[in-house]
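Predicted, not measured: the structure shown is a model, and the values here were computed from it.
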Amino acid sequence: MERLYIYTGAFAVIGLSLGGPATRSLAAGDHSIPILLMAIGGAGMTVTAVYEALETDPEEFIASAISIFALVGAACLTLLGTVLSAISGA
């Protein structure tokens with residue numbers, strides 16, 4: 001699998017993990033600055049990841065295995081945190 005798609009997919013997962021719950025909180029009526037910033041940041045990360053995946057040539061993309069491993073690990077942790085937060089009802 002191309003490293004570009006793993007890299008941008010991990011960024012999209014992080015963006016959705018941060019922006020999704022924040023957007024739900026905004027829709028529920030919680031209008032605070034931190035929630036608004038998380039929603040904007042998460043949406044920005046997701047849109048940027050999709051744009052980079054579509055516009056970057058996979059053959060020219062260069063990222064070390066360590067950076068991809070760290071980014072995938074961060075994506076897993078943010079997704080796990082989002083799922084645990086949803087399960088606990090926080």
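Of all heavy-atom pairs between A49 and A12, the closest is CB-N, 3.8 Å. Nearest approach of Y5 to P58, heavy atoms of both residues: OH-CG, 3.3 Å. Considering every non-hydrogen atom in both A10 and A75, the closest pair reads O-CB, 3.7 Å.
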Decide yes or no on side chain to side chain contact (heavy atoms under 4.5 Å, CB included) for L71 and Y7, but give the supporting numbers first.
-> CA-CA 7 Å; L71 189 60; Y7 193 81; 3.6 Å; yes

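Rounding to the nearest 0.5 Å places OH of Y51 at 8.0 Å from OG1 of T56. Of the inter-residue distances, the one linking L4 atom CG with E52 atom CD reads 8.0 Å to the nearest 0.5 angstrom. Interatomic distance, OG1 of T78 versus CD1 of I14, reported as 5.0 Å (0.5 Å rounding). Note that CD1 of I40 and CG of L18 are 13.5 Å apart. Values are rounded to the nearest 0.5 Å.
Looking at V72 and I6, their side chains come closer than 4.5 Å, going by heavy atoms from C-beta outward.
Not one N or O on the side chain of R3 forms a donor-acceptor pair closer than 3.5 Å with the backbone of F61.
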Distance-only donor-acceptor hits, side chain of residues 21-32, under 3.5 Å, sequence neighbours excluded:
| from | atom 1 | to | atom 2 | distance (Å) |
| --- | --- | --- | --- | --- |
| T23 | OG1 | G19 | O | 2.7 |
| S25 | OG | P21 | O | 3.1 |
| H31 | ND1 | G29 | O | 3.3 |

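Side-chain atoms of S64 and S67 form a donor-acceptor pair, as typed in the model, at a separation below 3.5 Å.
Cluster membership check: M38 shares its hydrophobic cluster with M45, using side-chain heavy-atom separations under 4.5 Å among Ile, Leu, Val, Met, Phe, Trp and Tyr.
Heavy-atom neighbours of I62 CD1 from other residues, nucleotides or ligands within 6.0 Å: at or below the threshold of 12.
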